[in-house]
Number of protein chains: 6
Amino acid sequence: MLRLSPPSVDRFIQTDTLTMHFGGTEANVAVSLAQFGLQAHHVTRFPDHALGRAAAGYLRKYEVSTEYVRYGDGRLGLYFLETGAGSRASQIIYDRVDSAFSRINADTIDWEVVLQGASWFHWTGITPALSQGAADCLLAGIQMANRLGVPVSGDIVYRSNLWQYGRTPQEIMPALTEGCTLVLGSKGLFSELYDVVGSTFQEAGRAMMKRFPTIRYITDTKRNSISASHNQLSAKLFDGQEVHKSRVYDIRPITDRIGTGDAYMAGLIYGLLTFDNLQQAVEFGAAASALKHTIPGDVNLATVAEVMTLASGDSSGKLKR
Amino acid sequence: MLRLSPPSVDRFIQTDTLTMHFGGTEANVAVSLAQFGLQAHHVTRFPDHALGRAAAGYLRKYEVSTEYVRYGDGRLGLYFLETGAGSRASQIIYDRVDSAFSRINADTIDWEVVLQGASWFHWTGITPALSQGAADCLLAGIQMANRLGVPVSGDIVYRSNLWQYGRTPQEIMPALTEGCTLVLGSKGLFSELYDVVGSTFQEAGRAMMKRFPTIRYITDTKRNSISASHNQLSAKLFDGQEVHKSRVYDIRPITDRIGTGDAYMAGLIYGLLTFDNLQQAVEFGAAASALKHTIPGDVNLATVAEVMTLASGDSSGKLKR
Amino acid sequence: MLRLSPPSVDRFIQTDTLTMHFGGTEANVAVSLAQFGLQAHHVTRFPDHALGRAAAGYLRKYEVSTEYVRYGDGRLGLYFLETGAGSRASQIIYDRVDSAFSRINADTIDWEVVLQGASWFHWTGITPALSQGAADCLLAGIQMANRLGVPVSGDIVYRSNLWQYGRTPQEIMPALTEGCTLVLGSKGLFSELYDVVGSTFQEAGRAMMKRFPTIRYITDTKRNSISASHNQLSAKLFDGQEVHKSRVYDIRPITDRIGTGDAYMAGLIYGLLTFDNLQQAVEFGAAASALKHTIPGDVNLATVAEVMTLASGDSSGKLKR
Amino acid sequence: MLRLSPPSVDRFIQTDTLTMHFGGTEANVAVSLAQFGLQAHHVTRFPDHALGRAAAGYLRKYEVSTEYVRYGDGRLGLYFLETGAGSRASQIIYDRVDSAFSRINADTIDWEVVLQGASWFHWTGITPALSQGAADCLLAGIQMANRLGVPVSGDIVYRSNLWQYGRTPQEIMPALTEGCTLVLGSKGLFSELYDVVGSTFQEAGRAMMKRFPTIRYITDTKRNSISASHNQLSAKLFDGQEVHKSRVYDIRPITDRIGTGDAYMAGLIYGLLTFDNLQQAVEFGAAASALKHTIPGDVNLATVAEVMTLASGDSSGKLKR
Amino acid sequence: MLRLSPPSVDRFIQTDTLTMHFGGTEANVAVSLAQFGLQAHHVTRFPDHALGRAAAGYLRKYEVSTEYVRYGDGRLGLYFLETGAGSRASQIIYDRVDSAFSRINADTIDWEVVLQGASWFHWTGITPALSQGAADCLLAGIQMANRLGVPVSGDIVYRSNLWQYGRTPQEIMPALTEGCTLVLGSKGLFSELYDVVGSTFQEAGRAMMKRFPTIRYITDTKRNSISASHNQLSAKLFDGQEVHKSRVYDIRPITDRIGTGDAYMAGLIYGLLTFDNLQQAVEFGAAASALKHTIPGDVNLATVAEVMTLASGDSSGKLKR
Amino acid sequence: MLRLSPPSVDRFIQTDTLTMHFGGTEANVAVSLAQFGLQAHHVTRFPDHALGRAAAGYLRKYEVSTEYVRYGDGRLGLYFLETGAGSRASQIIYDRVDSAFSRINADTIDWEVVLQGASWFHWTGITPALSQGAADCLLAGIQMANRLGVPVSGDIVYRSNLWQYGRTPQEIMPALTEGCTLVLGSKGLFSELYDVVGSTFQEAGRAMMKRFPTIRYITDTKRNSISASHNQLSAKLFDGQEVHKSRVYDIRPITDRIGTGDAYMAGLIYGLLTFDNLQQAVEFGAAASALKHTIPGDVNLATVAEVMTLASGDSSGKLKR
């Protein structure tokens, strides 16, 4: 998606210039992993015009491979973001009806080629919300990942104003979740989407693992919104036994809150792939997310070294010469 | 519509900022007439969100009344413009599928209220191309204008990539044209849309007047494109008797070519309403169009005094202190 | 007035670009009320040149009617604003000598026409400070409002460096205050301008109501300036019986402090016109003022919904999708 | 003066940013001479606030000494410039009433100190138009220059909308012209200001030299305005014997036309001080003026080498590595 | 290299912002070929810091593979460009001493891997001018290309202010030229670098082919510099038999002249690889170069379709919707 | 040096524009002293090209004399600054190898002329780190200052990645320190550079005074880095008897941290030259440094009045009209 936002904290009606950033929840995870030095691919469908090509160029610039991007008809999904400050909230106007991506279908991608040799596959609940084709294509991908032994993570985010194509998430999401190794979601979501309940995060996690036996990890973040410019953030990871909790990160000022959940997910995936220590993995994820708040745009451009510094407790922000 | 364009002559892929201008062929005519000191209303339907409100604000700023703007669901129509230079052409990517305006219908506007006391009604061929509802609403407006004795002008521009709703312009345009006093179009268009032919502009005009007896004037412009930065422009007006031709305007450099046809139409309407001399009217229109090429954005912000200076033959551009 | 300010927190000598915002204490109140959905008119006199026209365009864009704006000779009032941060204060260089507005006089405005059917009339102490004509014109307006039963509010702000035309505020202000329903001012001002004293806000308010029997409400705000980037703000409203106090709003970061008093006034007027509860009115005013600190420019562009959210105690600034 | 202009060729009402350039006819000459490597002083009076200080900083940056700038009350003179293109003229809104400079008087400057050791003194007809004090101060300067044997040049430009303080240029200008060595003006001006007539430039020049015996040179430029983006320019210099004419410079595109007359004057003064050849001097002046049209702002930043290249006939603009 | 230039046509001393473009003669050719749809690699050495990484990101964005970019010590080569207009020339300040690229050596690149399967290898005379290591590395590449049967083109541009490392181009260039299939250069260069003379381009070309038997094509462009804003350009290609000449392209206005030679080279290489017609190839090259003049930055972003339109004689720049 | 930084808090790879600020540790002190109203000279060597001239123009603008700037070969020293926020650190990429300044030598400056009549001479440890010539030239300056009785201050900052010319700071710094009246440094530095130890700042200071008998004052600042946006700062001054400590300044938000040490030094020098009270001097220095954090660029543009306000304990940042 292309994000268009007024400069600084101007309101929509005040501006005659819009700043461009490309993003999208899965793309954000891909860019972040690429910044951490992993080889990342974004699998999608873009419109076959100069702006669709520009979107791909943006990903390549940030080291994501666009080898598996397909081009065709449909619009470039857009969203307009007005950035708030203090007690004024940021606002988003979505404009992604009939995007080229929503016209994807099960045949668009040859998942066997894409996933051969991959070490991770990540998806989010935005994709199956857009169209039956998108849901079908995603399911095919997850199933191929399972067949090839590629771990799968799902951020089961649910946006009720999407899901316009006649199916409910309760119909679609369970089959997708079945193939997951790692799920990002809250107690509330587990209940709403799968009717899986538990009185605590740990209990709900345990119930999810029972219902979806492939799941090895359940994770979630917790955000305390003091103002649009000041948040506190932490994360937790349940491995079926224990809940590993990160430090609470005090974040102010907030430069850009968009994509901070994706930054967490990328950090956690990197952590799981790199460290043999779940506590370190969740801390890396939370620190990555905290750092994303300081970076303009949807994608996290923090390096491993920067995340490690913060994850180790140094938030001093001292000038590096 | 909201136009989004890279600064200067940057290509789409080079930019990370887009400049905003609101426009649209009928809105452009309204703004230009308002700048000439006439009271102008824009009758349309905008999305009911901050950007739809910003579009209305833009019109009001330039002295167009938004009293008859309706707000509702649907997108804000967009287009992306890359401005060329020299031998490199400008390019437009349209993105106006499913706009709030395309969801207008015959009941959205109470034309009797709108047109009471009006001295002119202008429409273009973009509107009926968008949806059946838009065509219906327009037809109702033209018929009410006819009933109230309000002169009607139609710019019968034909864009083949619009007209996606299952009807052809050949089916729709004749009924709309029937109520017109003034038609802007070329020989080619008369033939294509109405099967009205003539070997010269004059003959074709005469044939149009025979077919559509309300028509009193046929007009057209002629553009010689030497490069994206250098054009020559003239206009002609046929009144059933005689073809009144404007001077040929040599235009360089070209700052912004978009909306120059609308600027001509507004100039001509102003001329017809103001001067009792057709030659003066067409010259005013052509000079207005020439000046628009020097003004960034879709709308012509030239004043009557500026147009008069140029129409009188003074193109020296001497500094006014 | 046109405000010209260096970008961000640059000092005057550092910049070669100035950002434009139009404003002025009464205009600010008008824009804010228009954003709240009320029909607002700004009654003033602007220079008859392109910048004067641009000032009017700015107001119309933000839904204020410029029907009663008069155009004539004189300058456009300007002020130059350098925005501070942290412990560095913002600085204003005023440049409004001999403005078109200061050349207004009692005959410029036909108040009977303007105020017919109005539900509120607002003025501030800046106007009578500029010229005898401005004071005369204002007095005529207040008297007409009184005759037509239109409630009048006065922000009796006193700037000693204005008042250059030979009269003192002590001579001029009492007659203007006589017609007021609502007065914004402090104990100190009551004493300085009217020699009305009281040891507390409540007592001073009571004394004002005795001296000016039309006054039903006395109001004031209290600001604790921790730094140029961090303030605390509250408001109180005395109705002759009771002092209604708002919550204390913690404001950081501060984007733009200019016009926050006017935002309070607009919020309070809206509250008095809308709610039948003085506590709610003063809370709405204070929350409106707090939100204005987050908005660039002189005018408050917060919506009723945004103010209500904050007034109800939710300052979390959570992203609205 | 501070010039404020919309970016690119935007109209005043379109912009929300203004670009700053400091300038003023005499300051422009000073900066240009400083760029040519001469030691130049600007003698003026600026307001004693941050913008007045910024004006002085601007001059120092471009190597003009501000040792003789005095600071005091009054405004900073402003003008608003809208830049035209093609057949649309540029427009200026002056805003310099009651400037700090207009409050200068005969005692503000100790001309003996200022002019000691100077090799040239330049003034223009703007200064005596502003106030009696400015005229008095200037006259004192010219008389001191005469006493110290410093050559004096006067650009006798006449702007009728200035001269508001009760005196006419016919009363004031002759005394100032009496001390001049070099006068820039046209036949028309000689007649209007001094009632000195001649049927050709040469004859009028001869008549001027008779009336004002100190004058050794009369000079003028000729501009053919094809459009706001395309001019042709030449200059001529009469030495009492012969008229030396420069080449005709074809100038397109025009980046900035303001200050091109001052650039000519500076080039001519430099030429007279440097070359022992009047033809070379007038050619240098005309080439300097032509180059100024390519430079944004009021002042000419061309170097001697660049002017020499153009004056020698090389207008190829070939890249210098 | 990173190019830094003031906005628009500002002089260096006027600006406080610099626009960034990455480029470099070989990189420019690579980007242009990638835009034409060919797979292009840039083989170089960048500094191992954030700006070196940004340089690589820039190339990837424009579809050039950075697989063979090596990172290490040394600076990022810079140049500062001031863009001229009309009769004012553009100026470059080079700042590339001790660049990371100049520290390349014969072992840095494994040419066998790089060139395996390649269809073209292009180099320029800038590379061997920088250091012995760069010359050595290039020679190794050319020899490997010869061994693998990959055609080699050399732009033998000679900049005398480079070549600081103790060798002359006369010592170094012949060995490099020996492996070439296509050489871009002028009669003058042939004589200066190789002591190969001929009274016409054709004769000199023939002599070059005699001296260097691998050469099949000699090419050159001809530029008529009317001003910095207006050039005329043509190209010619000698195949040992015949000189194929392109049309003369009239180019105005010029947006950016940098990299237009590289654009020609890329166009010619594309033409030679794609068309079986030398006339078409040279025309494509010349049209590509002409179009580059309209594109900001060092690299040509014209598409094949755009070049074809211009090469076929349509320079009208008509808006594409 | 020229500093180039992405706008706002963008990362290097995100930007295509760089903001320019000139600076350098000694130049920063000079500008700050000039803003305080003292006459300041910067003695240096700049490259003899347009950017070197622009550097000098920058200094003159801010009232520093460039009379003793010499021009010659070599580069303009650069550094690239990415500004962090919150827990993300700012980063600097230095690029000053082979600067024109590093090519200075003992003969470049005629110190006797420069220092005649001076009231202070300031140097820093950056200068002798760059080249033998720079160290020699500095030593000559210090010795001349001593001879003429001019007090000398040295900021003995040590950057290990400089010092590439074959000498160690331990070899070079003692001779430079010998001539100092005031030294800015920490216990750790005294030990590392001079092998002078002490268990507290006071004891180490006393030991320094014993080793270098000309030293009358030892000073240092203390920074508590809570985040890149929030620091706490204080300073202390030891006069051989007593340690004078400033208030602790709470600084948030931080606009620009660069040059805050130089701002302290300039404030302290101003304090020592102006006040007869060491406590006041150190407080003025610390307040100056605190204010610098609010000012974009390397140099402190705070005025004496602003520093006095803060030094007196008023950090309210209240708007000044």
Side-chain angles (χ1 to χ4, degrees), chain D residues 7-9 19-22 31 34-35 58 60-63 83 85-86 229-233 247 249-257 260 263 286-303 305-321, chain E residues 1 3 5-17 25 78-96 125-126 129 157-163 222-233 251-261 293 298:
Chain D
S8 187
V9 295
T19 302
M20 301 166 77
H21 288 279
F22 290 93
V31 169
Q35 300 301 302
Y58 190 88
R60 276 193 308 273
K61 178 177 169 188
Y62 294 116
E63 313 215 28
T83 302
S229 306
H230 185 193
N231 282 193
Q232 287 163 335
L233 189 102
R247 189 179 287 115
Y249 291 85
D250 193 65
I251 303 168
R252 72 173 144 179
I254 294 177
T255 296
D256 198 317
R257 187 216 166 298
T260 53
S289 180
L291 273 172
K292 168 60 193 72
H293 290 78
T294 72
I295 293 174
D298 294 36
V299 299
N300 191 13
L301 300 177
T303 62
E306 288 173 323
V307 179
M308 294 296 265
T309 298
L310 184 57
S312 75
D314 175 357
S315 62
S316 68
K318 273 187 199 155
L319 179 61
K320 286 182 212 148
R321 294 182 194 264
Chain E
M1 284 206 292
R3 147 176 157 186
S5 44
S8 188
V9 294
D10 278 5
R11 306 224 75 168
F12 284 126
I13 197 173
Q14 294 184 290
T15 194
D16 53 15
T17 323
T25 174
L78 304 173
Y79 76 97
F80 296 90
L81 169 69
E82 181 187 280
T83 302
S87 52
R88 176 161 63 91
S90 295
Q91 296 195 330
I92 288 183
I93 298 175
Y94 282 107
D95 181 22
R96 60 180 174 192
I126 301 298
V157 53
Y158 167 46
R159 298 258 170 77
S160 57
N161 55 347
L162 299 175
W163 295 97
K222 184 173 170 187
R223 182 184 296 274
N224 178 19
S225 244
I226 295 160
S227 79
S229 306
H230 184 195
N231 281 192
Q232 288 162 335
L233 188 102
I251 303 168
R252 72 172 144 179
I254 294 176
T255 296
D256 198 317
R257 188 215 166 296
I258 308 295
T260 54
H293 289 78
D298 294 36

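Quick note on labels: first sequence line is chain A, next is B, and so on, each numbered from 1.
A side-chain donor-acceptor contact under 3.5 Å links E:Arg223 and E:Thr260. With hydrogens and angles left out, the side-chain atoms of E:Tyr94 and D:Arg321 include a donor and acceptor closer than 3.5 Å.
Counting heavy atoms from C-beta outward, E:Tyr158 and E:Trp163 have side chains that approach closer than 4.5 Å. The shortest distance between side-chain heavy atoms of E:Leu233 and E:Ile251 falls below 4.5 Å.
Ranked by non-hydrogen atom pairs under 4.5 Å with chain E, the options D:Asp256, D:Thr309, D:Ile295 are led by D:Ile295. The most heavy-atom pairs under 4.5 Å with chain E, out of D:Asp250, D:Leu291, D:Ile254, come from D:Leu291. The residue among D:Ser8, D:Gly297, D:Ser315, D:Ser316 with the most heavy atom pairs within less than 4.5 Å of chain E is D:Ser316. The most heavy-atom pairs under 4.5 Å with chain D, out of E:Gly86, E:Ser227, E:Gly84, come from E:Ser227.
In this structure, the portion of D:Tyr62 lying under 4.5 Å from any heavy atom of chain E is its side chain and not its backbone. Using a 4.5 Å cut-off between heavy atoms, E:Ile13 contacts chain D through both its backbone and its side chain. The contact between E:Arg11 and chain D is made entirely by side chain atoms (from C-beta outward), counting heavy-atom distances below 4.5 Å.
With rounding to the nearest 0.5 angstrom, the OG atom of E:Ser90 is 6.5 Å from the CD1 atom of E:Ile258.
Using a distance-only test at 3.5 Å, with no hydrogens or angles considered, a donor-acceptor pair links the side chain of E:Gln14 to the main chain of D:Pro296.
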